Amino acid sequence: MDDTGAGRFSTENEAAAFILDEIVGYMYAAALRAAAATNLADHLRDGPRTADELAELTGYAASAIHRVLRLLATKGVFSEQEPGRFRLTPPAAALCTTAPISVRAAVLMMTEPAMWRSAGEIVESTRDATPSFDRVFGMPMFEYYARDPQAVAGFHDGMAAWSDVENGPVAAACDIPPGATVVDVGGGQGGLLLEVLRANPATRGVLFDQAHVLGGNRLTAAADLADRWQPVAGDFLDAVPPGDVLLVKRIMHDWDDPTCVRILRNCRAAVRDGGRILVFDAVLPAGDVPHQAKALDLLMMTVLPGHERTEAQFRRLFAAAELSLVSITDVHAMPVSILHAVPA
Ligand SMILES: C[S@@+](CC[C@H](N)C(=O)[O-])C[C@H]1O[C@@H](n2cnc3c(N)ncnc32)[C@H](O)[C@@H]1O
């Protein structure tokens, strides 16, 4: 087979049919939304049930539940144990609200109208590589979320759920010196900072984000960390609180290059002598290699001014912010890397 995959198809019909399979693929994401919104996984926690039983429990239509689960089961999310009777599988269990690592809120966030409608307008974004979001909703995405308490809660709960999947492995892969003050820049609800403080007992933390986001933080409820952290509200486009280790996770991909350089320069000004800046983002592989970030990159194109980056693009950003890239560390089994930078 050559690099273009031409050898996969023995006829033109097969090659064309491949595109048809791909284009109906978005209904899989829609089915995940339906399952998450109707809490089907929660209702299967105690054992398999029929679509009729699930309809009784949820108030939704049995035939529709059957059709949603039947599609999801084609990729191992739920399984049709016997005709019309479904059970949880490990990925389906991650849709339960009480799962140790629940992705339910992340599914709802990624498929909510703000994202979905913007992605639907991708042709307009392709014209000039600017976000459809601003045209559809009349304002930039973070401004929209700042104005609507319900939408903002959905976004940050979803973002936190997404990050829960990677925070443990990311924290384990971080090198944090004892005694360091760790600042999580744009840290959202603080899931990463929580893991980092627990993994590094002799450290202190600062959770830095916009004021309306900090109210929903998770560290307040963590009694074991009571004296070890503080929330700081602010705008990372203006300034960043001082610290020894600055964490910048899934921030760069939200912004265009000049804005990233501005944020990184503010980080450079905030990092104490001998300190480090740890940027967590995907590093795009070259060529045809599949990577989750190649899809997230198009989401960024439609909702925000940002994009995912290659190593060379990160190097240029750091250089423009007078930072040296010391190393890039992959995070085990996660589509995110740690870019370790210091003042040049
Ligand atoms: C994609 S989320 C990443 C959150 C978190 N770092 C994580 O990995 O889950 C981007 C974060 O940047 C924050 N943010 C956006 N604009 C900001 C600004 N001007 N100043 C500070 N934080 C900002 C958002 O509130 C949000 O928490």
Side-chain angles (χ1 to χ4, degrees), residues 33 36-37 39 42 94-116 133 137 139-168 170-171 181-199 203-241 243 246-255 263 280-281 296 299 303-304 306 336:
R33 177 172 183 79
N39 293 308
D42 284 335
L95 290 169
C96 291
T97 43
T98 54
I101 298 176
S102 172
V103 290
R104 177 177 177 271
V107 169
L108 294 177
M109 180 262 293
M110 288 302 264
T111 57
E112 67 152 337
M115 304 284 178
W116 199 267
F133 189 99
F137 293 95
M139 67 190 86
M141 190 184 92
F142 285 122
E143 200 179 313
Y144 167 88
Y145 282 123
R147 286 181 186 205
D148 180 339
Q150 206 181 340
V152 80
F155 175 77
H156 288 288
D157 287 351
M159 192 61 230
W162 182 288
S163 292
D164 279 343
V165 177
E166 54 198 23
N167 283 339
V170 163
T181 295
V182 181
V183 182
D184 195 352
V185 178
Q189 296 183 348
L192 175 62
L193 188 59
L194 189 138
E195 295 277 357
V196 165
L197 292 178
R198 285 198 174 138
T203 54
R204 300 184 59 76
V206 174
L207 181 62
F208 179 63
D209 209 299
Q210 305 172 97
H212 69 269
V213 181
L214 294 174
N217 82 78
R218 296 181 177 181
L219 289 126
T220 301
D224 57 317
L225 301 176
D227 304 324
R228 291 182 49 206
W229 76 284
Q230 62 177 117
V232 174
D235 184 343
F236 53 41
L237 303 178
D238 292 340
V240 167
L246 273 57
L247 312 178
V248 186
K249 180 164 162 293
R250 296 228 182 249
I251 302 297
M252 297 289 100
H253 75 165
D254 291 347
W255 302 97
I263 296 167
F280 308 89
D281 258 305
L296 281 181
L299 182 67
V303 299
L304 283 165
V336 63

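Fair warning: this is a prediction, and the values are worked out from it, not measured in the lab.
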Query raised in the report: Would R204 and V182 satisfy side-chain contact (heavy atoms from CB on, under 4.5 Å), going step by step from the backbone distance to the final call?
Result: CA-CA 6 Å; R204 300 184 59 76; V182 181; over 6 Å; no

Determine whether [X] and [Y] make a side-chain contact, defined as any pair of heavy atoms from C-beta on separated by less than 4.5 Å.
X: L299; Y: M115; result: yes
X: V183; Y: L247; result: no
X: L197; Y: L193; result: yes
X: V170; Y: E195; result: no

Any side-chain to backbone donor/acceptor pair from [X] onto [Y]? Under 3.5 Å, distance only.
X: N217; Y: T220; value: yes
X: D42; Y: N39; value: no
X: T111; Y: R33; value: no

Approximate separation, where rounding is to 0.5 Å, of [X] [atom1] and [Y] [atom2]:
X: Y145; Y: Q150; atom1: OH; atom2: CD; answer: 12.0 Å
X: N167; Y: R198; atom1: CG; atom2: CZ; answer: 12.0 Å
X: L192; Y: D164; atom1: CG; atom2: CG; answer: 10.5 Å

Taking all non-hydrogen atoms of both residues into account, name the closest pair between [X] and [Y] and its distance.
X: F137; Y: A114; result: CZ-CA, 3.5 Å
X: L207; Y: G188; result: CD2-O, 3.7 Å
X: A161; Y: A106; result: CB-N, 3.7 Å
X: L108; Y: A36; result: CD2-CB, 3.9 Å
X: F208; Y: A239; result: CZ-O, 3.3 Å
X: P241; Y: V232; result: CG-CG1, 3.9 Å

Requested in this report: For the pair I251 and V185, evaluate side-chain contact (heavy atoms from CB on, under 4.5 Å) and give the outcome as yes or no after the intermediate values.
Outcome: CA-CA 8 Å; I251 302 297; V185 178; 5.6 Å; no

Query raised in the report: Between M110 and W162, is a side-chain contact (heavy atoms from CB on, under 4.5 Å) present by the stated rule, with each step listed?
Result: CA-CA 10 Å; M110 288 302 264; W162 182 288; 3.7 Å; yes

Query raised in the report: Between F142 and F155, how do the two ring planes meet: parallel, tilted or perpendicular, split at 30° and 60°?
Result: perpendicular

**Report entry** Aromatic ring pairing W255/F236, orientation class (parallel under 30°, perpendicular over 60°, tilted between)
**Finding:** perpendicular

Query raised in the report: Is D227 atom CG crowded by more than 12 heavy atoms from other residues, nucleotides or ligands, each under 6.0 Å away?
Result: no

Query raised in the report: Is there a donor-acceptor contact under 3.5 Å linking the side chains of R228 and T203?
Result: yes

Report task. Determine whether the side chains of D209 and Q189 contain a donor N or O and an acceptor N or O closer than 3.5 Å. Result -> no

Query - Lys/Arg-Asp/Glu bridge criterion (N-O < 4.0 Å) met for K249, E166 - result: yes

**Report entry** Sidechain N-carboxylate O distance under 4.0 Å for R104, D157
**Finding:** no

